[in-house]
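Counting from 1, the numbers follow the sequence of the chain as shown. Note that the structure is predicted; figures quoted are calculated from it, not measured.
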Amino acid sequence: MAAKYADVVGTAPADLSARKLPMDDTPELRQALVEGEPHTLLMTYVHLSGDEAMLDIFAPHLKSPYAYPPSRFRRT
């Protein structure tokens with residue numbers, strides 16, 4: 001019989017039902033967003049929200065992650 005996730009890792013999977021959204025605006029959250037990869041953050045946002053219009057809005061600013069030089073966004 002295959003091992004369960006909790007047996008392999010030593011703990012049960014996180015209970016995400018207790019999380020409240022929207023998340024509080026904390027310094028840790030802001031720092032994580034600053035350090036995050038813009039392509040990944042955009043894909044995650046579109047996946048979770050279903051807001052595919054954002055892909056069209058950001059399309060002129062995005063290149064393939066394998067392109068050189070890589071895309072850079074101005075941080076405000």
Side-chain angles (χ1 to χ4, degrees):
M1 182 174 158
K4 293 181 180 177
Y5 177 81
D7 296 334
V8 175
V9 197
T11 61
D15 178 14
L16 302 180
S17 64
R19 292 192 178 185
K20 305 270 190 232
L21 292 177
M23 297 172 64
D24 292 333
D25 185 8
T26 63
E28 293 84 8
L29 176 59
R30 288 186 172 266
Q31 186 62 35
L33 292 173
V34 165
E35 293 175 8
E37 172 60 41
H39 299 83
T40 305
L41 293 172
L42 177 62
M43 291 289 114
T44 302
Y45 170 79
V46 170
H47 175 73
L48 294 175
S49 69
D51 186 3
E52 293 181 11
M54 293 301 281
L55 297 173
D56 294 328
I57 292 170
F58 281 94
H61 307 286
L62 297 175
K63 293 181 186 176
S64 165
Y66 304 107
Y68 188 82
S71 297
R72 293 285 179 229
F73 292 100
R74 288 190 341 203
R75 306 275 186 199
T76 57

Rounded to the nearest 0.5 Å, what's the gap from NE2 on H61 to NE2 on H39? Could you check? 11.5 Å
Partners passing salt bridge (Lys or Arg N to Asp or Glu O under 4.0 Å) against D24 (at least two apart in sequence or in another chain): none
With a cut-off of 3.5 Å and sequence neighbours excluded, list every side-chain donor-acceptor pair involving residues 44-51.
{"residue": "T44", "atom": "OG1", "partner": "T40", "partner atom": "O", "Å": "2.8"}
{"residue": "Y45", "atom": "OH", "partner": "D51", "partner atom": "OD2", "Å": "3.2"}
{"residue": "S49", "atom": "OG", "partner": "Y45", "partner atom": "O", "Å": "2.7"}
{"residue": "S49", "atom": "OG", "partner": "D51", "partner atom": "N", "Å": "3.1"}

Report the C-alpha separation of Q31 and T26 in whole Å, then their side-chain angles, then the decisive distance to 0.1 Å, and conclude whether the side chain to side chain contact (heavy atoms under 4.5 Å, CB included) test is met. CA-CA 9 Å; Q31 186 62 35; T26 63; over 6 Å; no
